[in-house]
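Comments concern the structure below.
Predicted, not measured: the structure shown is a model, and the values here were computed from it. Protein chains get the first letters and strands the later ones, always in sequence-line order, with residue 1 at the start of each.
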There are 2 protein chains.
Amino acid sequence: MKYIEKLRNSGLRPTKQRLKICEVLFDTEKTFHFTINDLSNKIKKQLNNKISLATIYNTVHAFEKKGYLKQIPINSNQTYFDTNVSDHHHFYDLNEQKLIDLENSDVGPIKILKKIEGKKIKSVEVLVKLED
Amino acid sequence: MKYIEKLRNSGLRPTKQRLKICEVLFDTEKTFHFTINDLSNKIKKQLNNKISLATIYNTVHAFEKKGYLKQIPINSNQTYFDTNVSDHHHFYDLNEQKLIDLENSDVGPIKILKKIEGKKIKSVEVLVKLED
DNA sequence: CACTTTTTTTAGAATCATTATAAAGTAGAA
DNA sequence: TTCTACTTTATAATGATTCTAAAAAAAGTG
Ligand SMILES: [Mn+2]
Ligand SMILES: [Mn+2]
Ligand SMILES: [Zn+2]
Ligand SMILES: [Zn+2]
């Protein structure tokens, strides 16, 4: 199975549940954005059986810590995650409440002119809100 | 009282509670970032008496809708608001969990090269995460 | 293989920010 | 003052996330 290595490298044992989560998250043509609830439903439909929410939360957070997933900063009652961990930005369609990727090349280079003593920049994320 | 007009213009009656909230939010030298809980505590300390959470939520949301406050998109369990409603961006210090303003002039101009049919850009917000 | 130890999964409970409810209070109009 | 609509409030409900502790699975040992 192709995700055993990925899990082992992250210090996670390749359990049945984690492998299924990997498959749903990473065995896709395109990357995508999701909430925990989205992910849980997708798994339930594919397995005709569920993986407990606690396991999904734990695994997603482990992947996030390892850099296999990113959280997207957005104002929502649910947390949005992204399987696209490359350096990129987002449109947020306020009417449809949907996230759309903006590749780094879709946004001109961003210059941050202010410096904070003793701190370094970890990431620069742009959120472009859209309306009709 | 200087906020009566502001409230009336927004279709909000100038009640004792709303005037106090205005005073805490807008009668300051500098703009600031806050959560509902921050605001509630500040009021409690100043009045030696509280304004109910429901009223604070309702009023803050009314001000947000009128454009007197902005929400800041950030991953936190609490919603962050900003009394600075000008077009600007933020540093987020991951260690201190603190927001710092980045004036528009602190960030070079941002070019969004991708267009979405039938949608127009409402805002462009940059979040720069900082670490030690 | 047994048997023990460690890790993982799970259902359900707890937490906590936010929203809803509905009764009591208040502002503004007449 | 009186009437009515709006507002505040305490409290309950909601819902995402986190915690807990017991059962299940995996790993280690000889
Ligand atoms: Mn998290
Ligand atoms: Mn809101
Ligand atoms: Zn994305
Ligand atoms: Zn700000």
To the side chain of [X], which of [options] is closest?
| X | options | value |
| --- | --- | --- |
| A/Ile36 | D/dT17, C/dT19, D/dA27 | D/dT17 |
| A/Arg18 | D/dA10, C/dG28, C/dT9 | C/dT9 |
| A/Arg8 | D/dA27, C/dT18, C/dT10 | D/dA27 |
| B/Arg13 | D/dT7, C/dT18, D/dA16 | D/dT7 |
| A/Ala54 | D/dT17, D/dC19, C/dT7 | D/dC19 |

Want to settle it: does A/Ser52 or B/Tyr80 sit nearer the 5' end of DNA chain C, counting the closest nucleotide to each? A/Ser52
Using only side-chain N and O atoms of [X], determine if any of them is under 4.0 Å from OP1 or OP2 of [N].
| X | N | value |
| --- | --- | --- |
| B/His61 | C/dT18 | no |
| B/Thr15 | D/dC6 | no |
| B/Lys50 | D/dT9 | no |
| A/Gln17 | C/dT10 | yes |
| A/Tyr57 | D/dT17 | yes |

Could you state the [atom1]-[atom2] distance from [X] to [N], rounded to the nearest angstrom?
| X | N | atom1 | atom2 | answer |
| --- | --- | --- | --- | --- |
| A/Gln71 | D/dA16 | CD | P | 16 Å |
| A/Asn37 | D/dT14 | CG | C1' | 14 Å |
| A/Gln78 | D/dT14 | CD | P | 17 Å |
| B/Lys16 | D/dC6 | NZ | P | 20 Å |
| B/Asn75 | C/dA17 | CG | C1' | 15 Å |
| B/Leu12 | D/dT8 | CG | C1' | 14 Å |
| A/Asn58 | D/dA16 | CG | P | 18 Å |
| A/Leu53 | D/dA16 | CG | P | 10 Å |

Centroid separation under 6.0 Å, is that true for the rings of B/Phe26 and B/Phe63? yes
Classify the nucleic acid contact of A/Thr79 as base, sugar-phosphate or nothing, counting any heavy atom under 4.0 Å across all strands shown. sugar-phosphate
With sugar-phosphate meaning primed atoms plus P, OP1 and OP2, does A/Thr55 contact a base, only sugar-phosphate, or nothing at under 4.0 Å between heavy atoms? base
Hey, are A/His33 and A/Asp101 close enough side-chain-wise for a donor-acceptor pair under 3.5 Å? yes
Looking only at side chains, do A/Thr35 and A/Asp38 share a donor and an acceptor under 3.5 Å apart? yes
Among A/Tyr68, A/Phe34, A/Tyr57, ring-ring contact (aromatic ring centres under 6.0 Å, His included) partner for A/Phe81: A/Phe34
Over 12 non-hydrogen atoms of neighbours within 6.0 angstrom of NZ in B/Lys114: yes
Would A/Thr55 and A/Asn58 satisfy side-chain hydrogen bond (donor to acceptor under 3.5 Å, both in side chains), going step by step from the backbone distance to the final call? CA-CA 5 Å; A/Thr55 297; A/Asn58 289 340; 5.6 Å; no
